[in-house]
Amino acid sequence: YAVRYDMGNVSLGYVRTETSYKEGSNASASTQEQDIFGVGYNLGGGVMFEVAHGNKEEVDGSDSLKDTEADVTLAKLSFGF
C-alpha cells in the first residue's frame, strides 16, 4: 500500500510492500518486505527538495535466514522548467 499527503509546500509519503513466493521444489516460501518514507518541500519557482529513507529485508524460505537487510537514505534537489 502507499499513502501520500500534501499540505501547502510540504508533501509526505509512505509505501510498504510485502512479497512471498515459492521457488523450485522449495517447501517454504521466500519473503521480501520493503518500507519507504519520504518528505518533500517545494521551494517555489520549480525547485523541489526531497528526502527519503527506506529499508528492505529478504528471507530465503529454505533456511529462514535473512539474505538481505539494507537501509538507504536519499536526498534530491530538482529543478523544473
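These numbers come from a predicted model, not from an experiment.
Listed by chain and residue number, E18, E33, D35 satisfy the salt bridge (Lys or Arg N to Asp or Glu O under 4.0 Å) test with R16 (two or more places apart in sequence, or in another chain).
Within the structure, salt bridge (charged side-chain N to carboxylate O under 4.0 Å, His left out) contacts touching residues 3-12 (residues at least two apart or in different chains) are R4-D6.
Rounded to the nearest 0.5 angstrom, Y5 OH and L12 CG are separated by 8.5 Å.
In terms of heavy atoms, V47 sits closest to N42 at O-OD1, 3.2 Å. In terms of heavy atoms, G40 sits closest to E50 at CA-CG, 3.9 Å.
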Worksheet item: Under the side-chain contact (heavy atoms from CB on, under 4.5 Å) criterion, do D71 and H53 qualify, and how do the steps go?
Response: CA-CA 7 Å; D71 291 308; H53 177 77; 4.1 Å; yes
Worksheet entry | Working for side-chain contact (heavy atoms from CB on, under 4.5 Å), residues L43 and Y41 | CA-CA 6 Å; L43 299 168; Y41 185 73; 3.3 Å; yes
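Its side chain within the 4.5 Å cluster rule, L74 clusters with V72 among the Ile, Leu, Val, Met, Phe, Trp and Tyr residues.
Both Y1 and F37 are part of a single hydrophobic cluster, where members link through side-chain heavy atoms under 4.5 Å apart. Linking Ile, Leu, Val, Met, Phe, Trp and Tyr residues whenever their side-chain heavy atoms come within less than 4.5 Å leaves I36 and V39 in two separate clusters.
Counting heavy atoms from C-beta outward, Q32 and E57 have side chains that stay 4.5 Å or more apart.
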